[in-house]
K.L.:
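Below is a structure I'd like to ask you about.
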Amino acid sequence: MPELPEVETIVRELAPQLVGRTIRQVTLPRPDVLRGVTPARLRRTLTRGRIRAVTRRAKHAVFELASGARMVIQPRMTGSLMVHRRALSPADARYAVLTCRLDNGRLLVFRDVRRLGTISLLDRRGWTAYSARLGPEPLDAAFTVAVFADRLHGTRTAIKKAIMDQRRLVGVGNIYANEALFDAGIDPSRPAGRLSPDELTRLYDAIRDVLARAIASSGTTVRDYRTGTGAAGRFQFELRVYDRGGEPCRQCGRRLATTHAIDGRQTTLCWWCQR
DNA sequence: ACGAGGTCCTGCGAGC
DNA sequence: TGCTCGCAGGACCTCG
């Protein structure tokens, strides 16, 4: 599932192939993924649009056009973004949600099997408002441990749920929440506002470290995720807890436990190392 | 203000 | 073997 490192990887690979290109033709076989924009308006805005930048905000890929319009794509669970050199295979075409034919003949394709992903279209003002509703970027220099502590202050929500709340900080989903809490040695069910300054610092460091290491490995492929060139990520080989329920803890050797007690999401932890 | 739970969506694996 | 059922889960919604 694309979280911050996966979307960052996708965007870094797509940008050199897309920036400066003009969109010639748009096909939208699955318009139910659109949010706040009609198929006609998206087509009209994209067609003949020149791509000025491809960036990431939170877990979203942002395609900025010369007109100032931004198409924001959230891959969510099973979404992928790729540039194809030739016509799509039947398997790709089956799940294609949006296809943009470029002036060099290549195809930018948003593919999403489950279609929990979304596409929206924002003008400058809409983008400012959209971005303002999201929390700070955890890898930005402005995101200090003091900012992190402030974002968690006073809430009794489980710390795992809190760090996945995109209004508090962005980019952390289920995989990296599990990993960061293990790395920091913190029980995921602890009330967020009750963490000691030392625990907050450890978790802050763990979040930034795991995200940076995952970017260096081009993300985590457990099932569906592919990079912008179609390759699998490599961080699944570095995972310490996620998807490892029942297996031995890499730190103490005890059996890792999986629960669904926090927000109904799969949580894997070591009861010994995360007390 | 916050927490709990429902909704979207479809492939896959468990179980009978 | 072939079927049904429930799970995977990020963001957004409503209800209490």
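A, B, ... follow the sequence lines: proteins, then strands. Residue 1 opens every chain.
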K.L.:
What is the distance, to the nearest angstrom, from the CG atom on A:Leu34 to the P atom on B:dC9?
P.N.:
13 Å

K.L.:
Rounding to an integer number of Å, can you tell me how far A:His260 NE2 sits from B:dA4 P?
P.N.:
16 Å

K.L.:
Just N and O in the side chain of A:Tyr95: are any of them under 4.0 Å from OP1 or OP2 of B:dG11?
P.N.:
yes

K.L.:
For B:dT10, take OP1 and OP2 only and decide whether either is under 4.0 Å from a side-chain N or O of A:Arg115.
P.N.:
yes

K.L.:
Atom CE of A:Met77 to atom C1' of C:dA11: distance rounded to whole Å?
P.N.:
12 Å

K.L.:
If I take atom CG in residue A:Leu152 and atom C1' in nucleotide B:dC2, what distance separates them, rounded to the nearest angstrom?
P.N.:
15 Å

K.L.:
Under 30°, 30 to 60°, or over 60°: which ring-plane class applies to A:Phe148 and A:Phe143, parallel, tilted or perpendicular?
P.N.:
perpendicular

K.L.:
Hey, does the side chain of A:Gln25 reach the backbone of A:Ile23 with a donor-acceptor pair shorter than 3.5 angstrom?
P.N.:
no

K.L.:
Just the rounded figure in Å: distance from P of C:dG10 to CZ of A:Arg167.
P.N.:
15 Å

K.L.:
Heavy atoms under 4.0 Å, any strand shown: does A:Tyr176 hit a base, just sugar-phosphate, or nothing?
P.N.:
nothing

K.L.:
Could you pick out which residue, A:Arg76 or A:Arg94, lies toward the 5' side of DNA chain B when each is mapped onto its nearest nucleotide?
P.N.:
A:Arg76

K.L.:
Look at A:Gln166 and C:dA11 and indicate whether a side-chain polar atom (N or O) is within less than 4.0 Å of OP1 or OP2.
P.N.:
yes

K.L.:
Reckon A:His60 has a side-chain N or O less than 4.0 Å from the OP1 or OP2 of C:dG10?
P.N.:
no

K.L.:
Under 4.0 Å between a side-chain N/O of A:Gln74 and OP1 or OP2 of C:dG10, yes or no?
P.N.:
no

K.L.:
Would A:Glu3 and A:Lys59 satisfy salt bridge (Lys or Arg N to Asp or Glu O under 4.0 Å), going step by step from the backbone distance to the final call?
P.N.:
CA-CA 5 Å; A:Glu3 303 181 23; A:Lys59 306 173 189 174; 5.5 Å; no

K.L.:
Tell me which of A:Tyr130 and A:Arg114 sits closer to the 5' end of DNA chain C, going by the nucleotide each one is nearest to.
P.N.:
A:Arg114

K.L.:
Under 4.0 Å, counting only non-hydrogen atoms across every strand here, what does A:Glu3 touch: a base, just sugar-phosphate, or nothing?
P.N.:
nothing

K.L.:
Taking 4.0 angstrom as the limit, do A:Asp165 and A:Arg167 come out as a salt bridge?
P.N.:
yes

K.L.:
May I ask you to verify if any side-chain N or O of A:Arg265 is less than 4.0 angstrom from the OP1 or OP2 atom of C:dA11?
P.N.:
no

K.L.:
Give a yes/no answer on whether the side chain of A:Thr155 brings an N or O atom under 4.0 Å of OP1 or OP2 in B:dC2.
P.N.:
no

K.L.:
Between C:dA11, B:dG3, B:dG11, which one does the side chain of A:Lys59 approach most closely?
P.N.:
C:dA11

K.L.:
How is A:Thr157 classified with respect to the nucleic acid when contacts are heavy atoms under 4.0 Å: base, sugar-phosphate, or nothing?
P.N.:
sugar-phosphate

K.L.:
Take atom CZ of A:Arg168 and atom P of B:dC2, then tell me their distance rounded to the nearest Å.
P.N.:
7 Å

K.L.:
What is the separation between atom CG on A:Asp112 and atom P on C:dA8, rounded to the nearest whole Å?
P.N.:
19 Å

K.L.:
Can you confirm if the NZ or CZ of A:Arg275 lies within 45° of the ring axis of A:Trp272 and under 6.0 Å from the centre of its six-membered ring?
P.N.:
yes

K.L.:
Determine whether the side chains of A:Asp187 and A:Ser189 contain a donor N or O and an acceptor N or O closer than 3.5 Å.
P.N.:
yes

K.L.:
Report the distance from atom CZ of A:Arg151 to atom P of B:dA1, rounded to the nearest whole Å.
P.N.:
16 Å

K.L.:
Heavy atoms from C-beta onward define the side chain here; which of B:dG3, C:dA8, B:dC9 lies closest to that of A:Asp32?
P.N.:
B:dC9

